[in-house]
*Asks:* 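Quick one: this structure, given as structure tokens, is what I'll be asking you about.
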Amino acid sequence: MIQFKNVTKVYNNNIFALSNINLHIEKGEFVFLVGPSGSGKSTFIKMLLKEVQPTNGNIIVNNMDITNLKRKEIPYYRRKLGVVFQDFRLIPTLNIYENVAFAMRVVEAPLREIKKKVPVVLSLVGLANKYKAFPHELSGGEQQRVSLARAIVNNPSILIADEPTGNLDPETAMDIMDTLNDINHAGTTIVMATHAKDIVDEMKKRVIAIEKGILVRDEQRGMYGYED
């Protein structure tokens, strides 16, 4: 599903963001990516999104080597991923239905399919009755639920979550994690970068830890292991 083979990233200031990373994430896994600030987690995520090119090594996603994708191929690759960020990134001038539908319009889904699928995913994230609301009318937790709905509406095989609970209170954060768990149980592979110690320790999923660009720990049912 996801494989890093001897992946290294060196930025122009000669700082190693990642150093010789080797790992394999199987289909259907839920993986937490943890480590101190500046450890290389963001670079790892950006490589999966094809925002950053490795200096050396290869990255395989869904049996495709994405390392040297041509620029014109990158948008099509990204369409196969679901992505959730800390800051929601909703379009403020569109209501909730339209925000989710926009993700389907980007991939040129038929209108009939959009009308059928959007209510289903809004129901999945518990927002079926707020489809006419605009982002500013929702709480932070509700906005993140919209982001989740948008991320999964095109049935991605992989969902990448970059600090998705960072702006949420603990109770709302756990609600979001319950939804992510449901999405994972439905078959979607999830890779989540986080500093949320309580969440990682409670959920007992696979934990991949990076420090100073080096993979230092890879544990099934792991713990967070940091104090930052």
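Only this structure's heavy atoms are used, side chains among them; waters, hydrogens and symmetry mates stay out. Here, residue 1 is the first one in the sequence, and each next residue gets the next number.
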*Asks:* Under 6.0 Å from the OH atom of Tyr131, do we count more than 12 heavy atoms belonging to anything else shown?
*Replies:* no
*Asks:* I need the Thr189 OG1 to Ile183 CD1 distance, nearest 0.5 Å.
*Replies:* 12.5 Å
*Asks:* Are Asp169 and Thr172 close enough, and set up right, to give a side-chain hydrogen bond (donor to acceptor under 3.5 Å, both in side chains), and what steps lead you there?
*Replies:* CA-CA 5 Å; Asp169 64 82; Thr172 303; 2.8 Å; yes
*Asks:* Measuring from Ile210:CD1 to Ile208:CD1, what's the distance to the nearest 0.5 Å?
*Replies:* 7.5 Å
*Asks:* Quick one, Gln144 with Thr165, criterion side chain to side chain contact (heavy atoms under 4.5 Å, CB included). Give me CA distance, side-chain angles, the key distance, then yes/no.
*Replies:* CA-CA 8 Å; Gln144 191 60 291; Thr165 63; over 6 Å; no
*Asks:* Can a donor-acceptor pair be found between the side chains of Lys27 and Asn62 at a distance below 3.5 Å?
*Replies:* no
*Asks:* Please round to the nearest 0.5 Å and tell me the distance separating atom CG of Leu69 and atom CD1 of Ile74.
*Replies:* 6.0 Å
*Asks:* May I ask you to test the Lys80-Ile158 pair for a side-chain heavy-atom distance under 4.5 Å?
*Replies:* no
*Asks:* Is the shortest heavy-atom distance from the side chain of Leu124 to the side chain of Leu122 under 4.5 Å?
*Replies:* no
*Asks:* Report yes or no: does Ser42 contribute a side-chain atom to a donor-acceptor pair with the main-chain N or O of Gly38 at less than 3.5 Å?
*Replies:* no
*Asks:* Within the 4.5 Å heavy-atom criterion, are Met1 and His24 side-chain neighbours or not?
*Replies:* no
*Asks:* Rounded to the nearest 0.5 Å, how far does CG of Leu33 lie from CD of Glu163?
*Replies:* 9.5 Å
*Asks:* Can Lys130 and Glu142 be counted as an ion pair, charged N to O under 4.0 angstrom?
*Replies:* yes
*Asks:* Would you say that more than 12 heavy atoms from the other residues, nucleotides or ligands in this model lie under 6.0 Å from the CG of Asn13, or not?
*Replies:* yes
*Asks:* Would Val52 end up clustered with Ile66 when hydrophobic side chains under 4.5 Å apart are linked, directly or stepwise?
*Replies:* yes
*Asks:* Between Ile176 and Leu168, does a side chain to side chain contact (heavy atoms under 4.5 Å, CB included) hold up when you go through it step by step?
*Replies:* CA-CA 9 Å; Ile176 292 297; Leu168 306 177; 3.7 Å; yes
*Asks:* Can you find a pair of side-chain heavy atoms, one from Glu51 and one from Arg78, that are under 4.5 Å apart?
*Replies:* yes
*Asks:* Tell me, with the steps shown, if Gln3 and Asn22 meet side chain to side chain contact (heavy atoms under 4.5 Å, CB included).
*Replies:* CA-CA 7 Å; Gln3 190 170 7; Asn22 287 279; over 6 Å; no
*Asks:* Quick one: closest heavy-atom pair of Ala173 and Ile199, and the distance?
*Replies:* CB-CD1, 4.0 Å
*Asks:* From Gln53 CD over to Asn68 CG, what is the distance, rounded to the nearest 0.5 angstrom?
*Replies:* 5.5 Å
*Asks:* Begin with the C-alpha distance, continue with both residues' side-chain angles, and end with the deciding distance and a verdict on side-chain hydrogen bond (donor to acceptor under 3.5 Å, both in side chains) for Lys205 and Asn181.
*Replies:* CA-CA 10 Å; Lys205 303 289 188 180; Asn181 216 21; 3.0 Å; yes
*Asks:* Can you say whether the rings of Phe4 and Phe44 are parallel (under 30°), tilted (30 to 60°) or perpendicular (over 60°)?
*Replies:* parallel
*Asks:* Closest approach of Ala17 and Thr43, non-hydrogen atoms and distance?
*Replies:* CB-OG1, 3.6 Å
*Asks:* Using modelled atom types only, decide if a donor and an acceptor are shared between the side chain of Asn99 and the backbone of Ile91 within a distance under 3.5 Å.
*Replies:* yes
*Asks:* Is there a path from Ile2 to Phe30 through hydrophobic residues (I, L, V, M, F, W, Y) whose side chains come within less than 4.5 Å of each other?
*Replies:* no
*Asks:* Mind checking whether Gln86 and Pro164 have side chains closer than 4.5 Å, heavy atoms only?
*Replies:* no
*Asks:* What heavy-atom pair brings Tyr226 and Lys197 nearest, and what distance separates the two atoms?
*Replies:* O-CD, 3.7 Å
*Asks:* Decide whether Ile160 and Leu23 are clustered together by the hydrophobic rule: side chain heavy atoms of Ile, Leu, Val, Met, Phe, Trp, Tyr closer than 4.5 Å, transitively.
*Replies:* yes
*Asks:* More than 12 heavy atoms of other residues, nucleotides or ligands under 6.0 Å from CZ of Phe85: is that the case?
*Replies:* yes
*Asks:* Looking only at non-hydrogen atoms, find the nearest pair between Val84 and Ala151 and report the distance.
*Replies:* CG2-CB, 3.7 Å
*Asks:* Can you get from Leu90 to Val118 by hopping between Ile, Leu, Val, Met, Phe, Trp and Tyr side chains that sit under 4.5 Å apart?
*Replies:* yes
*Asks:* Is there side-chain contact between Asn58 and Val7, with heavy atoms separated by less than 4.5 Å?
*Replies:* no
*Asks:* In Å and rounded to the nearest 0.5 Å, what is the CD to NZ distance from Glu202 to Lys204?
*Replies:* 7.0 Å
*Asks:* Step by step, work out the side chain to side chain contact (heavy atoms under 4.5 Å, CB included) result for Tyr97 and Lys115.
*Replies:* CA-CA 9 Å; Tyr97 179 97; Lys115 289 181 176 180; 3.8 Å; yes
*Asks:* Quick one, Met177 and Met192 - any side-chain contact, counting heavy atoms below 4.5 Å?
*Replies:* yes
*Asks:* Exactly one of Ile25, Leu48, Thr67 should register a side-chain contact (heavy atoms from CB on, under 4.5 Å) with Val61. Which one does?
*Replies:* Leu48
*Asks:* Would one find more than 12 heavy atoms of other residues, nucleotides or ligands at under 6.0 Å from atom CZ of Phe16?
*Replies:* no
*Asks:* Indicate the atoms forming the closest heavy-atom contact of Glu211 with Pro36, along with that distance.
*Replies:* CG-CD, 4.0 Å
*Asks:* Show the nearest heavy-atom pair for residues Thr194 and Tyr224, with the distance to one decimal.
*Replies:* O-CE1, 3.6 Å
*Asks:* Donor-acceptor pair, distance only, cut-off 3.5 Å: does the side chain of Arg145 make one with the backbone of Val125?
*Replies:* yes
*Asks:* Quick one about Arg89 and Ser147 (side-chain donor to acceptor, distance below 3.5 Å, no hydrogens or angles considered), yes or no?
*Replies:* no
*Asks:* Quick check: is Val10 connected to Met47 through a chain of hydrophobic side chains (ILVMFWY, heavy atoms under 4.5 Å apart)?
*Replies:* no
*Asks:* Compare all side-chain heavy atoms of Ser19 with those of Lys9 and state whether any distance is below 4.5 angstrom.
*Replies:* no
